[in-house]
Amino acid sequence: MDDAKEGDRDGGAAAPPAFQAAVQALRGSRLRPQIEIEPTRAPQRLAPHAYALEATVVDGDQDLADGRLVLLHDPDGHDAWRGTFRLVTLVRAELEAEMAADPLLPEVCWSWLTGALSARGLSYGEPSGTVTRASSHYFGGLSERPATSQIEIRASWTPREGLGGVPDTAGHLTSWCDLLAQVAGLPPAGPGDASIVTLPQRRDPQAR
């Protein structure tokens with residue numbers, strides 16, 4: 001989390017102090033050991049300032065889920081955001097076929113995102129996003145591969161700003177990692193999370 005050369009497009013001395021503080025909180029976060037996280041290249045056109053992270057949920061030599069979290073900042077504010085900061089995410093994981101066929105799965109996955117934020121007492125607004133299920137079937141030279149199903153969550157929300165106009169980005173990152181862990185099928189991180197229901201372990205996690 002200390003090397004931010006890739007993820008920080010403009011978080012140096014020229015960036016607004018609020019953005020610098022928000023990025024620094026992301027860099028200093030301590031996360032559960034099964035989640036490997038590192039800076040990645042930030043988008044160029046979504047906002048004047050941006051910082052991006054990518055994460056993989058790991059169990060031994062298997063990757064269970066992956067995702068990307070982007071922090072956007074526009075000091076002048078944004079009408080659609082109703083704030084000066086925005087968090088944007090993509091989360092993906094493979095599923096058991098029977099789980100993928102559950103008609104309530106999209107609603108459940110969306111509730112995991114909002115529930116992860118609420119469980120840590122985080123204030124946010126203007127949430128939006130999509131939950132997509134996709135199935136792949138293989139033919140010809142690939143016909144020996146079993147069919148696979150994947151869940152994909154794309155979402156964004158406005159973290160409420162606190163002291164000095166800085167949102168609790170460390171808390172939002174931790175909640176996002178809670179979502180990743182749920183999608184990956186990991187057990188709750190601690191006694192306080194015992195009510196969380198996770199996806200069953202994937203049938204054939206991707207080998208590293």
Side-chain angles (χ1 to χ4, degrees), residues 6-7 31-43 45-46 52-72 86-120 124 127-157 172-190 193-208:
E6 286 296 322
L31 307 170
R32 59 190 297 176
Q34 299 95 332
I35 297 179
E36 297 181 353
I37 193 164
E38 62 183 0
T40 188
R41 187 173 298 279
R45 299 182 179 88
L46 297 181
L53 296 167
E54 60 184 9
T56 303
V57 182
V58 177
D59 181 16
D61 61 351
Q62 297 174 333
D63 293 349
L64 302 180
D66 61 79
R68 191 166 188 252
L69 183 69
V70 180
L71 175 68
L72 305 176
R86 188 75 171 171
L87 285 163
V88 182
T89 187
L90 165 67
V91 172
R92 297 173 299 193
E94 290 185 16
L95 302 174
E96 292 280 3
E98 49 271 30
M99 175 63 70
D102 187 340
L104 296 179
L105 182 65
E107 288 81 4
V108 170
C109 288
W110 183 256
S111 73
W112 287 344
L113 170 62
T114 58
L117 294 169
S118 298
R120 294 190 179 273
Y124 66 97
S128 64
T130 62
V131 177
T132 304
R133 286 178 291 193
S135 298
S136 298
H137 300 265
Y138 301 93
F139 302 93
L142 301 176
S143 59
E144 293 184 359
R145 293 187 182 183
T148 59
S149 297
Q150 186 181 72
I151 192 74
E152 180 180 276
I153 303 171
R154 293 179 180 267
S156 63
W157 64 95
H172 283 270
L173 175 59
T174 302
S175 293
W176 180 69
C177 288
D178 291 342
L179 172 65
L180 272 172
Q182 286 178 263
V183 171
L186 293 183
D193 300 324
S195 63
I196 292 176
V197 178
T198 60
L199 281 178
Q201 187 87 10
R202 290 186 298 169
R203 177 184 55 225
D204 187 18
Q206 180 180 348
R208 293 171 66 81

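Please read these numbers as outputs of a predicted model, since none were measured by experiment.
Rounding to the nearest 0.5 Å places CG of L46 at 11.5 Å from CG of L71. Note: Y138 OH to T148 OG1 = 3.5 Å, rounded to the nearest 0.5 Å. How far OG of S136 is from CZ of R145: 10.0 Å, rounded to the nearest 0.5 Å. Rounding to the nearest 0.5 Å gives a distance of 6.5 Å between CG of L173 and CG of L69. Note: T56 OG1 to Q62 CD = 13.5 Å, rounded to the nearest 0.5 Å. Atom CG of D59 is separated from atom CD of Q34 by 7.5 Å, given to the nearest 0.5 angstrom.
Remark: the backbone N or O of A155 is not paired with any side-chain donor or acceptor of T89 at under 3.5 angstrom. For S175 (side chain) and H172 (main-chain N/O), no donor-acceptor pair under 3.5 Å exists by modelled atom type. Remark: side-chain polar atoms of T40 are not paired, donor with acceptor, to backbone N or O of L53 under 3.5 angstrom.
Within the 4.5 Å cutoff, no side-chain heavy atoms of T132 are placed close to those of I151. Side-chain contact between V131 and L113 is absent, with no heavy-atom pair separated by less than 4.5 Å.
Within 6.0 Å of atom CZ in R133, more than 12 heavy atoms from other residues, nucleotides or ligands are found, so the atom counts as buried in its surroundings.
Summarising the geometry of S128 relative to R86, their closest heavy-atom pair is OG-NH2, 3.5 Å, with the distance given to 0.1 Å. For the pair P127 and W157, the tightest heavy-atom approach, listed with the atom from each and the gap, is CA-CB, 4.1 Å. Of all non-hydrogen atoms in L179 and C109, the two that sit nearest each other are CD1-O, 4.4 Å. In terms of heavy atoms, G67 sits closest to L180 at N-CD2, 4.1 Å. Of all heavy-atom pairs spanning W176 and L90, the tightest one is CZ2-O, 4.4 Å. Of all heavy-atom pairs between R68 and A52, the closest is NH2-CB, 4.1 Å.
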**OP:** Could you walk me through whether D178 and W112 pass the side-chain contact (heavy atoms from CB on, under 4.5 Å) test, one step at a time?
**Re:** CA-CA 9 Å; D178 291 342; W112 287 344; over 6 Å; no
